[in-house]
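Report on the following structure.
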Amino acid sequence: MKTKTLLAIAALMLFTAAQCVLAQTIFSDNFDGYADQAAFNAVWNVGAVGGGLTLSTGQAFSPSQSVQQPGIATAYMSAHDITPVSGSNGRPLVWSFEFFDSTQAANLRQFASIRDNAPALAQLVAIGAYNDTTATKDPHTGLSVTAADLNTYYACRVAFAPGANWFILNGPGAPTRSTGWHELEAVFKDTTVDLYVDGVNALSDVTMSYASVAGAITFDRVTVGSGVSSANGAGYYDNVMVQVIPEPSTVGLSLLGGLSLLVGISRRRMA
């Protein structure tokens with residue numbers, strides 16, 4: 001096999017290895033490993049509301065289980081503490097989950113959150129479906145939204161300053177709500193957060209801040225279920241993930257180092 005071909009294959013392998021090595025999984029749960037409700041409750045065992053969410057086979061993004069917040073006038077939420085972690089420009093913190101949107105009705109209040117919880121609640125970021133037209137704003141105009149807006153777009157909450165509290169994710173090209181599974185994701189950098197719906201940056205034209213200075217917020221808890229009632233519909237949650245992932249430039253530097261080593265070895269063999 002020619003040296004150039006070998007180098008190309010080696011470069012691809014190095015790039016993949018660099019991503020795997022540099023990415024750090026803080027927490028991951030697809031809810032498939034729990035034998036029963038008691039096993040789930042033993043892991044998601046802090047800050048439960050209403051007894052916590054229910055382990056379910058009714059819907060599942062990854063076979064064969066998810067957790068459900070029922071669509072009734074009672075509040076439910078489950079929470080799990082994670083290793084404290086911050087995001088930065090060089091190593092963004094990525095929090096994501098799969099959400100089953102059961103209905104686009106006016107009283108669906110289904111969302112998950114990530115929190116800087118200890119020693120006191122300093123920041124809370126939530127994504128999902130929300131229904132309060134008074135509390136929720138359009139991030140482009142600052143005006144209160146309509147019920148139609150909330151039935152069309154997913155909503156996010158950056159609860160404390162410099163965040164905007166509740167706002168809709170209605171940027172250019174933002175995916176709209178529909179029945180079925182959707183990936184909701186937040187990417188935290190030094191002081192700003194990018195918000196994604198099904199892989200699309202849903203506020204690409206707006207800078208959304210969650211911290212005043214880099215390192216001010218350290219996330220240490222994730223929740224599933226809104227902790228408030230959702231009388232018009234149930235919600236399901238699956239594949240909760242918290243990772244620290246290097247920016248492409250960081251991976252590129254690692255790759256360049258590896259390639260330099262490969263080129264050196266190749267030259268020595270050809271000499």
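Residue numbers count from 1 along this sequence. Only a predicted model underlies this, so the values are computations on that prediction, with no experimental measurement involved.
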State the [atom1]-[atom2] distance between [X] and [Y], to the nearest 0.5 angstrom.
X      : Y      : atom1 : atom2 : result
Asp190 : Ser88  : CG    : OG    : 6.0 Å
Asp238 : Ser62  : CG    : OG    : 4.0 Å
Asn151 : Leu108 : CG    : CG    : 8.5 Å
Phe31  : Ser66  : CZ    : OG    : 8.0 Å
Thr191 : Met208 : OG1   : CE    : 12.0 Å
Leu169 : Leu184 : CG    : CG    : 8.0 Å

Is it true that [X] and [Y] have ring centroids separated by less than 6.0 Å?
X      : Y      : result
Phe100 : Phe61  : no
Trp44  : Phe27  : yes
Tyr210 : Phe188 : yes

CA sep, side-chain torsions, deciding dist, call: Val222, Ile82, side-chain contact (heavy atoms from CB on, under 4.5 Å): CA-CA 7 Å; Val222 288; Ile82 62 173; 4.1 Å; yes
Hey, does [Y] have a side-chain heavy atom less than 4.5 Å from the side chain of [X]?
X      : Y      : value
Phe40  : Val67  : yes
Asp101 : Thr179 : no
Gln37  : Thr54  : yes
Leu124 : Arg157 : yes
His182 : Pro175 : no
Val158 : Asn165 : no
Thr223 : Arg115 : yes
Glu183 : Val197 : no

Checking [X] side chain against [Y] main chain: does a donor-acceptor pair fall under 3.5 Å?
X      : Y      : answer
Tyr153 : Phe167 : no
Arg177 : Thr103 : yes
Gln65  : Ala60  : no
Gln110 : Gly233 : yes
Gln123 : Phe160 : yes
Glu185 : Val94  : no
Ser230 : Gly71  : no
Asp138 : Val145 : no

Ring geometry between Phe97 and Phe99 (parallel below 30°, tilted from 30 to 60°, perpendicular above 60°): perpendicular
Evaluation steps, salt bridge (charged side-chain N to carboxylate O under 4.0 Å, His left out), between Lys189 and Asp194: CA-CA 8 Å; Lys189 299 180 181 178; Asp194 295 328; 3.5 Å; yes
side-chain hydrogen bond (donor to acceptor under 3.5 Å, both in side chains) against His80, all qualifying residues, sequence neighbours excluded: none
If hydrophobic clusters are built by linking Ile, Leu, Val, Met, Phe, Trp and Tyr wherever their side-chain heavy atoms come under 4.5 Å apart, do [X] and [Y] end up in the same one?
X      : Y      : value
Phe111 : Phe219 : no
Val43  : Val242 : yes
Ile72  : Leu55  : yes
Val206 : Leu195 : yes

Judged by modelled atom types alone, do [X] and [Y] share a side-chain donor-acceptor pair under 3.5 Å?
X      : Y      : value
Asn239 : Asn30  : no
Ser86  : Thr218 : yes
Asp149 : Thr152 : no
Thr25  : Gln243 : yes
Tyr236 : Gln68  : yes
Asn41  : Tyr34  : no

So which heavy atom on [X] is nearest to which on [Y], and how close?
X      : Y      : answer
Ala79  : Arg221 : CB-CD, 4.0 Å
Ser212 : Pro162 : N-CD, 3.9 Å
Ala48  : Gly52  : CB-N, 4.2 Å
Pro246 : Arg91  : CB-NH1, 4.2 Å
Gly227 : Ala75  : O-CB, 3.3 Å

Result of checking Ile127, Val193, Ile26, Val85 against Trp95 for side chain to side chain contact (heavy atoms under 4.5 Å, CB included): Ile127
Sequence-distant partners of Asn107, side chain to side chain contact (heavy atoms under 4.5 Å, CB included), two or more places apart: Arg109, Asn131, Ala231, Asn232
Chi angles and distances behind the side-chain contact (heavy atoms from CB on, under 4.5 Å) call for Leu203, Asn170: CA-CA 7 Å; Leu203 281 185; Asn170 66 337; 4.2 Å; yes
Residue pair Gln104, Ser178: steps toward the side-chain hydrogen bond (donor to acceptor under 3.5 Å, both in side chains) verdict: CA-CA 7 Å; Gln104 294 72 59; Ser178 63; 6.0 Å; no
Stepwise side-chain contact (heavy atoms from CB on, under 4.5 Å) check, Val125 with Cys156: CA-CA 7 Å; Val125 177; Cys156 182; 4.1 Å; yes
Intermediate values then yes/no, ring pair (Phe, Tyr, Trp, His ring centres under 6.0 Å), Trp166 and Tyr130: CA-CA 9 Å; Trp166 281 104; Tyr130 197 51; 3.9 Å; yes
Check against side-chain contact (heavy atoms from CB on, under 4.5 Å), Asp116 and Asp220: CA-CA 5 Å; Asp116 182 340; Asp220 53 20; 4.2 Å; yes
